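Just so we're clear, the structure is a prediction, and the values are computed from it rather than from any experiment. The residues of the chain are indexed from 1 along the displayed sequence.
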Amino acid sequence: MTFGFAPSSAASSSSSTSTASANRLLEPAEWAAAGIPLLRNPREVVSGLHARHRPRPATAVVAVLDPDERLLASASFTRRQAPADGWMFRNALLSQLRRVIPHDLRRRTPVRTAVLLYCRDGDARWTEEDGAWMWGLRDACTLHGLRCGSYITLTRDGWQVLGEGRGGRRPNADSSPEPFALSEAPPPLPRTGGAASEVLRRAAAR
């Protein structure tokens, strides 16, 4: 598999990057070798998240899918203007995951998968910023008891599942939402009491 490379816009804004920060990213070969589960229908996932969150450049959308790739919860936020750092990205993703869905740390094997859609400027080639998001997603999933899923970029050229070579022209960073949305899992059975019950109720209502 062949990957293109481009300088990171975040990295170029800084005159130097610390060794620690540089180590908190994943190269495309490392990501491809990590056994990330493939999406059965990536275009449906991308189109659904695009319709739900309408991301613009510097917007990250993290979503949790059930084993049938139905949406359980999702959240979007704007990336801070700072040098790309996987540790900072990990903390931001973990904060959003904790806000929208309970963890699965008690399970021996994760059954739910988190995917990340990042809308940015530039083309579809891998950047160091992408590598930092990959590192952050993988670490956040480990800390929340989830499977690490696909990392997807959304640019003005279209969308691309990095490490897989799958992509398309629409949706893109400039396009309007398409008329269909990502299918959602049925709401959980009623539960009584507890913070987790309230989080599940809010996640199902999204």
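In this structure, the separation between CZ on R79 and CZ on F77 is 10.0 Å, given to the nearest 0.5 Å. Atom OG in S150 sits 11.0 Å away from atom CG in L117 (nearest 0.5 Å). Distance check: S74 OG to L116 CG gives 12.0 Å after rounding to the nearest 0.5 Å. The distance from the CG atom of L26 to the CG atom of L162 is 11.5 Å, given to the nearest 0.5 Å. With values rounded to the nearest 0.5 angstrom, E30 atom CD is found 7.5 Å from R138 atom CZ.
Contact record, L71 with R52: CD2-NE, 3.3 Å, taken as the closest heavy-atom pair. The heavy-atom pair separating A63 from L49 by the smallest distance is CB-CD2, 3.7 Å. Scanning all heavy atoms of the two residues, the minimum distance from E164 to P37 falls at OE2-O, 4.3 Å. Across A60 and W133, no two heavy atoms sit closer than the pair CB-CH2, 3.9 Å. Here the closest non-hydrogen pair linking L105 and T142 is CD2-O, 3.8 Å. Taking every heavy atom of both residues into account, C119 and A173 meet most closely at SG-CB, 3.8 Å.
Here the side chains of V115 and V62 are not in contact, with every heavy-atom distance at 4.5 Å or above. By the 4.5 Å heavy-atom criterion applied to side chains, N172 and T155 are not counted as neighbours. Counting only heavy atoms from C-beta outward, the side chains of S175 and H50 approach each other to under 4.5 Å. Counting only heavy atoms from C-beta outward, the side chains of L137 and L93 approach each other to under 4.5 Å. Residues V46 and P171 are in side-chain contact: their nearest non-hydrogen atoms beyond the backbone lie under 4.5 Å apart. At a threshold of 4.5 Å between non-hydrogen side-chain atoms, the residues F89 and W135 do not count as touching. T153 places none of its side-chain heavy atoms less than 4.5 Å from the side chain of V161. Residues R147 and I36 form no side-chain contact, since every pair of their non-hydrogen atoms from C-beta on lies 4.5 Å or further apart.
Here R90 pairs with D139 under the salt bridge (charged side-chain N to carboxylate O under 4.0 Å, His left out) rule; sequence neighbours left out. Checked against salt bridge (charged side-chain N to carboxylate O under 4.0 Å, His left out), R156 has the following partners two or more places apart in sequence or in another chain: D121, D174.
Put simply, the side chain of N41 gets close to the backbone of E44: a donor and an acceptor are under 3.5 Å apart. A donor-acceptor pair is defined here as one N or O able to donate and one able to accept, closer than 3.5 Å; no such pair exists between the side chain of Q160 and the backbone of I152. In this structure, the side chain of R80 does not engage the main chain of P83 through any donor-acceptor pair within 3.5 Å. Looking at R98, its side chain never comes within 3.5 Å of a backbone N or O of H103 through a donor-acceptor pair. No donor-acceptor distance shorter than 3.5 angstrom exists from the side chain of S95 to the backbone of N91, with no hydrogens or angles considered.
Summarising the hydrophobic clusters (Ile, Leu, Val, Met, Phe, Trp, Tyr; side-chain heavy atoms under 4.5 Å, direct or chained), the residues clustered with L94 are L143.
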_With side chain to side chain contact (heavy atoms under 4.5 Å, CB included) as the criterion, how do L65 and L39 come out once you've worked through the C-alpha distance, each side chain's angles and the decisive distance to 0.1 Å?_
CA-CA 10 Å; L65 309 178; L39 289 170; 3.9 Å; yes
*asked:* Walk me through whether E27 and M134 qualify under side chain to side chain contact (heavy atoms under 4.5 Å, CB included).
replied: CA-CA 9 Å; E27 299 280 350; M134 290 170 167; over 6 Å; no
*Worked verdict on R169 versus D157 for side chain to side chain contact (heavy atoms under 4.5 Å, CB included)*: CA-CA 6 Å; R169 293 178 180 269; D157 294 332; over 6 Å; no
*Run the side chain to side chain contact (heavy atoms under 4.5 Å, CB included) check on E129 and Y118 step by step: do they pass?*
CA-CA 10 Å; E129 182 183 22; Y118 182 55; 2.8 Å; yes
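We find that R112 and D66 are not joined by a salt bridge, their nearest charged nitrogen and carboxylate oxygen being 4.0 Å or further apart. Using a 4.0 Å cut-off between charged side-chain N and carboxylate O, R120 and D130 make a salt bridge.
Other residues, nucleotides and ligands contribute more than 12 heavy atoms inside 6.0 Å of the CZ atom of R56. Within a 6.0 Å sphere centred on CZ of R166, heavy atoms belonging to other residues, nucleotides or ligands number more than 12.
Side-chain N/O atoms of H53 and T59 include no donor and acceptor closer than 3.5 Å.
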